[in-house]
Q: 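Dumping the structure here so I can ask a few things about it.
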Amino acid sequence: MILYHGSYIAVTKPDLLHSRPNVDFGKGFYTTPIYEQAVKWCFKFKRRGKNGIVSRYEFDESAYNTLKILKFDSYSEEWLDFILNCRSGNDDTDYDLVVGGVANDKVFNTIELFFDGLIDKTEAISRLRYEKPNLQICFRSKEALDMHLHFEGSEQI
């Protein structure tokens with residue numbers, strides 16, 4: 001499977017050292033099988049006057065047989081709980097990969113309403129059901145990166 005990563009540089013050797021904590025699926029290297037999603041990730045760098053570079057990788061899907069994986073097939077209460085734990089720094093899970101929807105701006109607005117106590121969890125999930133999920137795959141272990149993700153090239157956007 002081909003995966004993409006949007007940044008301001010070509011990431012030829014992904015690592016966890018440069019990962020930010022307190023994001024959707026916790027500290028990790030974020031990729032997507034959706035090229036257009038990676039391009040969107042580049043625009044936050046372009047708005048700051050930097051380059052936009054999409055790196056391309058081959059993902060060895062045998063990882064699904066050997067790694068500890070958490071997969072969300074849709075926006076759900078479990079997905080929302082996991083996102084909230086990760087974003088608030090309370091994630092203590094040891095998944096190698098987490099796969100699921102992106103908390104983009106529209107989704108994040110719903111999460112913020114819930115987080116601020118303005119809507120309950122049932123209402124939040126109800127609103128999220130109408131959002132078209134994007135897909136992100138977060139590599140959270142060195143083993144997952146080193147053994148299953150192989151750089152193929154990059155292009156400037």
Side-chain angles (χ1 to χ4, degrees), residues 1-76 78-112 114-115 128 131 133-157:
M1 170 191 302
I2 299 296
L3 297 177
Y4 303 96
H5 174 79
S7 185
Y8 63 94
I9 59 171
V11 182
T12 60
K13 182 87 172 107
D15 63 49
L16 299 175
L17 297 173
H18 297 92
S19 302
R20 293 180 301 137
N22 306 336
V23 289
D24 286 0
F25 295 154
K27 190 171 183 172
F29 184 72
Y30 285 77
T31 63
T32 180
I34 305 167
Y35 176 80
E36 295 79 13
Q37 180 65 40
V39 169
K40 286 181 188 176
W41 288 343
C42 287
F43 283 117
K44 71 179 178 184
F45 300 108
K46 290 183 73 90
R47 283 191 297 271
R48 298 180 200 151
K50 296 183 178 184
N51 290 325
I53 307 281
V54 172
S55 295
R56 186 179 65 257
Y57 307 89
E58 176 65 33
F59 171 53
D60 175 6
E61 293 180 76
S62 70
Y64 288 120
N65 300 321
T66 60
L67 299 177
K68 186 172 181 183
I69 299 171
L70 176 62
K71 184 175 183 192
F72 298 101
D73 293 321
S74 64
Y75 294 130
S76 63
E78 293 79 19
W79 175 88
L80 180 59
D81 288 341
F82 192 78
I83 293 272
L84 293 173
N85 279 336
C86 289
R87 285 188 170 225
S88 60
N90 295 322
D91 174 43
D92 60 358
T93 60
D94 64 346
Y95 293 105
D96 296 301
L97 287 178
V98 180
V99 180
V102 177
N104 63 21
D105 290 343
K106 288 178 84 175
V107 172
F108 187 72
N109 288 341
T110 298
I111 292 171
E112 286 292 297
F114 170 72
F115 200 71
L128 292 173
E131 294 299 327
N134 288 306
L135 186 63
Q136 58 189 350
I137 300 174
C138 179
F139 290 77
R140 296 176 18 140
S141 73
K142 182 174 178 1
E143 176 189 356
L145 284 171
D146 292 349
M147 294 180 64
H148 300 285
L149 194 67
H150 311 287
F151 179 76
E152 289 198 334
S154 62
E155 67 177 290
Q156 186 163 342
I157 302 302

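These figures come from a predicted structure and were not determined experimentally. Below, all heavy atoms of this structure are taken into account, side chains as well, without hydrogens, waters or symmetry copies.
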Q: Heavy atoms, side chains only, cut-off 4.5 Å: are Leu149 and Phe29 in contact?
A: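 Yes; the side chains approach each other to less than 4.5 Å.
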Q: Heavy-atom count check: over 12 atoms from other residues, nucleotides or ligands less than 6.0 Å from Phe72 CZ?
A: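 More than 12 heavy atoms, drawn from other residues, nucleotides or ligands, come within 6.0 Å of this atom.
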Q: Can you give each donor-acceptor pair under 3.5 Å made by side-chain atoms of residues 39-54, sequence neighbours left out, with the distance rounded to 0.1 Å?
A:
residue : atom : partner : partner atom : Å
Lys46   : NZ   : Ile157  : O            : 2.7
Asn51   : OD1  : Gln156  : NE2          : 3.3

Q: Between Asp73 and Lys71, is there a salt bridge with N-O shorter than 4.0 Å?
A: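 Yes, Lys71 and Asp73 are salt-bridged.
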Q: For a side chain to side chain contact (heavy atoms under 4.5 Å, CB included) check, start with the C-alpha distance between Phe114 and Leu84, then their side-chain angles and the critical distance, and finish with the verdict.
A: CA-CA 10 Å; Phe114 170 72; Leu84 293 173; 3.1 Å; yes
Q: Can you tell me if Tyr75 uses its side chain to pair, donor with acceptor, with the backbone of Val102 under 3.5 Å?
A: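 Indeed, once roles are kept as given, a pair shorter than 3.5 Å links the two residues.
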Q: Identify the two heavy atoms, one from Pro33 and one from Ile137, that lie closest to each other, and give their separation to 0.1 Å.
A: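 Scanning both residues, the minimum pair turns out to be CD-CD1, 4.4 Å.
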Q: Please check if the side chain of Gln136 supplies one atom and the backbone of Gly101 the other of a donor-acceptor pair under 3.5 Å.
A: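 Such a contact is found between Gln136 side chain and Gly101 backbone.
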Q: Quick one: list whatever passes side chain to side chain donor-acceptor pair (under 3.5 Å) with Asn85, sequence neighbours left out.
A: none
Q: Going by ring pair (Phe, Tyr, Trp, His ring centres under 6.0 Å), name the residues that satisfy it together with Tyr30, two or more places apart in sequence or in a different chain.
A: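 Partners of Tyr30 under the ring pair (Phe, Tyr, Trp, His ring centres under 6.0 Å) test: none.
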Q: Kindly write out the residues that satisfy side chain to side chain donor-acceptor pair (under 3.5 Å) with Glu112, not counting sequence neighbours, or none if the list is empty.
A: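 Glu112 satisfies side chain to side chain donor-acceptor pair (under 3.5 Å) with no other residue.
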Q: Shortest non-hydrogen contact from Ala38 to Thr32?
A: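 Where Ala38 meets Thr32 most closely, the heavy atoms are N-CG2, 3.7 Å.
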Q: Kindly determine whether Phe25 and Phe139 satisfy ring-ring contact (aromatic ring centres under 6.0 Å, His included), including the steps that lead there.
A: CA-CA 9 Å; Phe25 295 154; Phe139 290 77; over 10 Å; no
Q: Looking only at heavy atoms, which two atoms of Leu16 and Gly28 are closest? And how far apart?
A: CD2-CA, 3.8 Å
Q: With sequence neighbours excluded, what pairs up with Tyr35 under the side chain to side chain donor-acceptor pair (under 3.5 Å) test?
A: Glu155
Q: Would you list the atom pairs, donor with acceptor, under 3.5 Å between side chains in residues 92-99 and any protein atom, with sequence neighbours excluded?
A:
residue : atom : partner : partner atom : Å
Thr93   : OG1  : Asp91   : OD1          : 2.6
Thr93   : OG1  : Asp91   : OD2          : 3.4
Thr93   : OG1  : Arg140  : NH2          : 2.8
Asp94   : OD1  : Lys68   : NZ           : 2.4
Asp96   : OD1  : Ser141  : OG           : 2.8
Asp96   : OD2  : Lys68   : N            : 2.8

